[in-house]
Amino acid sequence: MTETKEYPLPTVHLNGTSKEMLYKGNIHILQAINELEESISKCEFHGRDYYVQDADPYSYGTYNTALKERHKHLATLCAFKNYIEDHINHIDSQ
């Protein structure tokens with residue numbers, strides 16, 4: 001069975017990596033992503049840590065820029081998590 005998304009997904013076959021190894025490897029990646037997400041959620045991220053960098057400390061400009069950057073990286077992490085979950089589901093269905 002070959003499924004195509006925006007990217008190819010692995011096909012389990014006799015001459016390739018075993019289904020068990022493919023599955024366990026991707027599960028390990030998913031666990032690491034979940035641990036990273038937990039660490040990020042526990043990391044303090046507050047405007048008071050950025051306001052001193054602004055000419056006007058009441059503008060929140062630097063904090064908003066930092067927050068936008070943080071959200072950009074979280075979105076990338078979420079996309080990678082979805083990619084790994086696609087692999088796990090595809091491997092499991094074979």
Side-chain angles (χ1 to χ4, degrees):
M1 173 199 309
T2 302
E3 181 181 342
T4 303
K5 293 203 175 271
E6 307 87 52
Y7 42 82
L9 295 168
T11 300
V12 177
H13 63 91
L14 186 60
N15 294 320
T17 306
S18 71
K19 179 178 180 175
E20 181 181 7
M21 286 183 70
L22 286 170
Y23 189 80
K24 284 183 177 181
N26 281 281
I27 289 292
H28 183 74
I29 294 170
L30 184 59
Q31 289 169 340
I33 292 169
N34 289 335
E35 288 176 21
L36 178 57
E37 286 178 331
E38 183 179 345
S39 295
I40 292 169
S41 71
K42 291 180 179 179
C43 180
E44 185 67 28
F45 193 83
H46 196 279
R48 70 176 171 262
D49 302 318
Y50 295 89
Y51 79 94
V52 296
Q53 299 174 33
D54 289 327
D56 175 4
Y58 301 104
S59 72
Y60 293 99
T62 303
Y63 171 72
N64 289 332
T65 301
L67 187 60
K68 182 178 176 182
E69 187 70 13
R70 177 69 61 107
H71 284 278
K72 178 181 81 173
H73 292 291
L74 288 171
T76 301
L77 181 61
C78 182
F80 186 61
K81 182 177 183 176
N82 291 336
Y83 169 81
I84 295 300
E85 288 173 339
D86 286 345
H87 276 70
I88 291 169
N89 292 331
H90 181 74
I91 292 164
D92 191 43
S93 72
Q94 294 182 62

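Note that these values count all heavy atoms, side chains included, but never hydrogens, waters or copies made by symmetry.
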Start with the C-alpha distance between Lys24 and Ile27, add both sets of side-chain angles, then the distance that settles side chain to side chain contact (heavy atoms under 4.5 Å, CB included), and finish with yes or no. CA-CA 5 Å; Lys24 284 183 177 181; Ile27 289 292; 5.5 Å; no
Say whether Leu74 and Tyr50 are linked into one hydrophobic cluster, either directly or through other cluster members, by side-chain heavy-atom distances under 4.5 angstrom. no
Side-chain heavy atoms under 4.5 angstrom apart, residues restricted to Ile, Leu, Val, Met, Phe, Trp, Tyr: same cluster for Met21 and Ile29? no
side-chain contact (heavy atoms from CB on, under 4.5 Å) involving Glu35 - partner list, sequence neighbours excluded: none
So which atom in [X] and which in [Y] form the shortest heavy-atom distance, rounded to 0.1 Å?
X: Asn26; Y: His87; result: OD1-CB, 3.7 Å
X: Leu9; Y: His90; result: CB-CD2, 3.5 Å
X: Leu77; Y: Glu37; result: CD2-CG, 3.8 Å

Give a yes or no answer on whether the side chain of Asn89 reaches the backbone of Glu85 with a donor-acceptor pair at less than 3.5 Å. yes
Let me confirm one number: the [atom1]-[atom2] distance from [X] to [Y], rounded to the nearest 0.5 Å.
X: Leu30; Y: Ile84; atom1: CG; atom2: CD1; value: 8.0 Å
X: Lys19; Y: His13; atom1: NZ; atom2: NE2; value: 14.0 Å
X: Asn82; Y: Ile33; atom1: CG; atom2: CD1; value: 9.0 Å
X: Ser59; Y: Gln53; atom1: OG; atom2: CD; value: 11.0 Å

Return a table of donor-acceptor pairs under 3.5 angstrom between the side chains of residues 60-68 and protein atoms on other chains or two or more places apart.
from, atom 1, to, atom 2, distance (Å)
Thr62, OG1, Asp54, OD1, 2.2
Asn64, ND2, Tyr60, O, 3.1
Thr65, OG1, Gly61, O, 3.0

Suppose clustering is done on Ile, Leu, Val, Met, Phe, Trp and Tyr with side-chain heavy atoms closer than 4.5 Å. Which residues sit in the same group as Tyr51? Val52
One pair to check against side chain to side chain contact (heavy atoms under 4.5 Å, CB included): Asn34 and Lys81. What are the steps and the verdict? CA-CA 9 Å; Asn34 289 335; Lys81 182 177 183 176; 2.9 Å; yes
